[in-house]
There are 2 protein chains.
Amino acid sequence: MSQVRVHNLSVSLDGFGTGVDPTFDTPFGHAGQRLHEWMFATRFWHAMAGEPGGSGGVDNAFAERHGPGIGAEIMGRGKFDWRSGPWTDLGTEREWRGWWGPNPPFHTPVFVLTHHPRPSIEMEGGTVFHFINATPQESLDRAREAADGLDVRVGGGPSVVRDFLAAGLIDVLHVVQVPIMLGRGVRLWEGLEGIEERYDIEATSAPSGVTHLTFTRGQ
Amino acid sequence: MSQVRVHNLSVSLDGFGTGVDPTFDTPFGHAGQRLHEWMFATRFWHAMAGEPGGSGGVDNAFAERHGPGIGAEIMGRGKFDWRSGPWTDLGTEREWRGWWGPNPPFHTPVFVLTHHPRPSIEMEGGTVFHFINATPQESLDRAREAADGLDVRVGGGPSVVRDFLAAGLIDVLHVVQVPIMLGRGVRLWEGLEGIEERYDIEATSAPSGVTHLTFTRGQ
């Protein structure tokens with residue numbers, strides 16, 4: 001059976017996966033870029049941006065696990081767009097097609113969870129955005145079929161990952177704990193009492209200051 | 001100037017320093033002993049219990065920092081007693097004198113924060129419990145005077161440590177993150193946005209599975 005995986009999900013020490021009041025200029029709200037600076041420094045990120053260099057240590061080793069073996073992604077509307085509610089720009093020149101330009105870094109079908117379905121968008125490079133109003137299990141069934149035997153990545157944000165964890169649908173979870181205190185935002189760890197019983201958990205602190213937490217479902 | 005230190009404060013991955021519904025048999029509520037198993041395994045703990053053996057690695061190295069240089073402790077009523085509210089057994093044979101027997105492991109003055117002051121108790125081995133109704137700053141002034149130039153330890157529980165952090169009174173904070181998910185309880189990390197700016201933070205993951213977080217106030 002293919003696996004359901006989460007990679008590179010960054011949270012603050014107080015457990016927030018994103019801040020409050022996201023805007024076009026600050027998609028993570030008051031968190032700014034602080035949750036992801038560890039990733040920007042890696043070879044993985046540099047390569048995705050078409051740039052040379054980047055660190056090759058433990059942060060990079062974890063970050064690079066993001067891609068291989070993935071056949072589809074599921075993400076929340078909040079990852080695709082900084083706004084919520086009905087789409088107001090469909091069919092206009094300013095129609096929002098995500099943050100990632102004409103050739104997004106997914107290269108697979110991507111299922112965007114939203115209460116406001118809209119027509120699918122085929123991008124360059126193999127990414128196709130599908131917009132579906134579905135439960136975690138329903139969206140996973142769709143993504144599994146599209147992934148054609150490969151794994152499914154749950155791409156975030158934190159509330160989507162929390163919902164999938166609560167529904168018992170995640171096999172591999174990689175959380176990166178960043179030494180900042182956001183105080184406000186969307187908590188990843190809410191209502192998940194006892195989930196450690198279903199997972200082998202390892203912690204790996206990195207020279208950059210972050211700690212990589214890996215949850216691997218027991219067989 | 002003497003320092004204000006916190007040691008061996010254990011929290012779950014979701015940030016709870018203790019569970020709900022403490023009783024005489026389960027002072028940490030539904031958390032049971034799970035937050036402190038890492039410590040019970042150390043040479044530090046074995047020595048305190050008068051037993052041989054115990055691990056001598058990174059967990060022990062951090063745990064042992066608890067004692068040296070401390071001249072007084074401040075703790076919450078919730079650490080001294082599983083109950084809250086007025087003391088109902090004063091002067092009786094069952095008068096509560098803490099969890100630690102006739103010779104508690106503090107060997108210094110200990111200031112117990114409570115809305116219900118009572119006469120001080122002098123124990124064997126140098127521990128004297130004082131019961132005071134005071135703000136963090138007021139209690140620290142009292143403890144500093146009693147510590148006579150040595151450091152003051154803020155011994156917990158989590159809400160007391162949080163109050164001292166919010167008041168800017170902690171110099172050294174050692175938190176141990178345990179890979180369990182409590183779901184409910186008393187959160188350590190609440191309303192502390194931005195405190196990382198005042199501290200150097202290091203994370204050290206240990207073979208036992210816990211991660212030691214140290215906050216050291218910048219000079």
Side-chain angles (χ1 to χ4, degrees), chain A residues 9 11-17 19-21 29-32 34-35 37-38 58-59 62 158 162 165-166 168 170 173 175-185 187-216, chain B residues 9 11-17 19-21 29-32 34-35 37-38 58-59 62 158 162 165-166 168 170 173 175-185 187-216:
Chain A
L9 180 63
V11 300
S12 61
L13 275 189
D14 46 356
F16 295 102
V20 296
D21 303 330
H30 80 294
R34 292 177 292 162
L35 286 171
E37 276 162 8
W38 71 271
V58 61
D59 287 342
F62 278 106
R162 194 202 314 125
L165 281 170
I170 303 289
L173 169 65
V175 172
V176 186
Q177 203 172 43
V178 179
I180 60 173
M181 213 70 80
L182 287 179
R184 304 164 286 153
R187 281 194 201 275
L188 174 60
W189 308 127
E190 190 84 61
L192 297 175
E193 179 178 349
I195 66 160
E196 74 276 9
E197 292 170 16
R198 305 202 297 266
Y199 293 94
D200 295 325
I201 304 178
E202 281 186 61
T204 307
S205 48
S208 65
V210 306
T211 298
H212 298 272
L213 299 170
T214 55
F215 293 61
T216 309
Chain B
L9 180 63
V11 301
S12 61
L13 275 189
D14 46 356
F16 295 101
V20 297
D21 303 329
H30 80 294
R34 292 176 291 161
L35 286 171
E37 275 162 8
W38 70 272
V58 60
D59 288 342
F62 277 106
R162 193 202 314 124
L165 280 169
I170 303 288
L173 169 64
V175 172
V176 186
Q177 203 173 44
V178 179
I180 61 172
M181 213 71 81
L182 286 179
R184 305 163 287 154
R187 281 193 202 277
L188 174 61
W189 309 126
E190 191 83 61
L192 296 175
E193 179 178 349
I195 66 159
E196 74 276 8
E197 292 169 17
R198 306 202 296 267
Y199 293 94
D200 295 324
I201 304 178
E202 280 187 63
T204 307
S205 48
S208 66
V210 306
T211 298
H212 298 272
L213 300 169
T214 55
F215 294 60
T216 309

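Just so we're clear, the structure is a prediction, and the values are computed from it rather than from any experiment.
Taken to the nearest 0.5 Å, the CD atom of A/Gln177 stands 7.0 Å off from the CG atom of B/Leu13.
In terms of the salt bridge (Lys or Arg N to Asp or Glu O under 4.0 Å) criterion, A/Arg162 has no residue partners (sequence neighbours excluded).
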Ignoring hydrogens and angles, write down the donor-acceptor pairs under 3.5 Å from the side chains of residues 207-215 of chain B, residues two or more places apart or on other chains.
from     : atom 1 : to       : atom 2 : distance (Å)
B/Ser208 : OG     : B/Asp59  : OD2    : 2.7
B/His212 : ND1    : B/His174 : NE2    : 2.9
B/His212 : NE2    : B/Asp59  : OD1    : 2.6

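Chain B forms more heavy-atom pairs under 4.5 Å with one residue of A/Glu202, A/Glu190, A/Arg187 than with any other, namely A/Arg187.
Proximity to chain A (any heavy atom under 4.5 Å) is shown, for B/Ile180, by both the backbone and the side chain.
A salt bridge does not link B/Arg34 to A/Glu197: none of the charged nitrogens lies less than 4.0 Å from a carboxylate oxygen.
The two atoms that bring B/Leu192 and A/Met181 nearest to each other are O-CG, 3.3 Å, heavy atoms only.
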